[in-house]
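Below is one structure, written out as structure tokens; comments come after it.
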Amino acid sequence: MPEGLLERLDKGPLICAEGYLFEAERRGYLSAGEFVPQIALEHPEVLAQIHRDFRHAGSDVIQAFTYNGHREKMRVIGKEDLLEPLNRNALKIAKSVATEPMDGLPDALIAGNISNTNIWDPDDPEACAEARRMFEEMAGWAADEGADFIIGETFYWAAEAEAALAAIRSVGLPAVMMLAPMANDAMQEGTSVAECSRRLEAQGAAVVGMNCFRGPQTMWPLLSEVRAAVSCPVAALPVPYRTTAEQPTFFNLNDHGNCQCPAPHGRTFPTALDPLYCNRYEIRAFAERCLAAEINFLGVCCGASPVHIREIAEACGRIPPAARYRERMENHFMYGSNERIPEAYKALGDRA
Ligand SMILES: [Zn+2]
């Protein structure tokens with residue numbers, strides 16, 4: 001039997017690349033705003049390559065791209081009939097990449113994925129019941145297609161996260177539960193993120209933590225409270241954007257007046273965030289901070305690029321296949337130290 005989620009985490013950090021919505025959009029295969037992962041049906045070869053690139057950069061987990069691939073979202077776009085084929089295809093693609101030979105790496109773990117339904121309403125029992133049914137059917141397909149565990153993520157209602165956890169537990173797979181509070185720093189019921197995490201652990205989550213919405217700077221304060229509140233492994237998968245205390249999530253992050261061509265829809269999210277991007281060293285520094293605090297389930301969410309994952313892998317002491325292509329500035333034509341580079345060209349560097 002290959003080692004499972006908890007056995008791998010017992011031995012040290014585990015890396016899980018996320019951010020498939022933004023990466024598929026950036027490559028031109030998914031519509032921003034709508035954010036439905038039809039790529040699993042329409043361009044399976046592109047999705048497989050994204051998975052492959054993240055694995056090559058150091059991801060230990062291939063997360064099936066079923067984020068937003070739930071019944072409600074498929075109703076919004078009028079394609080409910082594609083729901084089950086989309087889920088099953090995404091899981092099959094994840095499995096195929098997780099198990100293909102790559103530079104002598106062990107097989108990657110396969111994660112199923114369920115997420116916020118955007119219909120949860122504590123005052124509407126029927127809406128909550130529908131959300132539970134959506135979780136159950138998706139968890140069932142993930143188990144059926146051979147997922148090693150299921151990630152439940154970007155929950156901003158505590159009760160919705162608990163319902164998702166129950167659905168994952170009901171199919172007998174370990175659950176990684178990640179919360180994503182809005183700018184008020186708490187779950188929508190008013191429960192703190194730490195308290196919600198503590199309850200999820202008590203209800204059987206294998207890993208709890210946070211993902212998406214927040215960059216490293218504004219995820220950290222809440223994340224460190226989560227770490228102090230639980231004894232299970234903790235997950236940290238921020239977005240690679242420079243969120244601030246005034247603008248703690250990427251939904252309302254502004255470009256501080258530097259933008260000459262603002263997005264026609266009036267906000268930087270989700271298509272004009274580029275100038276607010278974290279560089280790879282910021283992501284590495286965040287990973288190192290997490291490791292020092294014993295936060296061991298690491299990755300990057302929307303906006304992630306394979307180079308971010310490579311930095312995290314190297315921060316964990318790994319040498320992923322992509323390490324072979326890390327920067328070699330010594331051979332640059334102006335800034336290099338290589339003896340073949342003429343002094344005149346080195347001097348040009350300051351005036352370039
Ligand atoms: Zn995200």
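The chain is numbered in sequence order, starting from 1. Order of listing sets the numbers, starting from 1, for every ligand and every atom in it.
More than 12 heavy atoms of other residues, nucleotides or ligands lie within 6.0 Å of CZ in Arg88, so this atom counts as buried by the packing criterion.
The side-chain contact (heavy atoms from CB on, under 4.5 Å) test with Met74 is passed by exactly one of Leu83, Asp81, Asn68: Leu83.
Tyr277 and His308 have their aromatic ring centers within a separation under 6.0 angstrom.
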Let's go through Phe35 and Tyr20 carefully: what are the C-alpha distance in whole Å and the side-chain angles of both, what is the deciding distance for ring pair (Phe, Tyr, Trp, His ring centres under 6.0 Å) to 0.1 Å, and is it a yes or a no?
CA-CA 10 Å; Phe35 285 136; Tyr20 290 99; over 10 Å; no
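Take a cut-off of 2.8 Å around the Zn ion (ligand 1): the protein N, O or S atoms inside it are Cys212 SG, Cys301 SG, Cys302 SG.
Taking a cutoff of 4.0 Å between a charged side-chain nitrogen and a carboxylate oxygen, Glu343 and Lys346 qualify as a salt bridge.
A side-chain donor-acceptor contact under 3.5 Å links Asn113 and Glu153.
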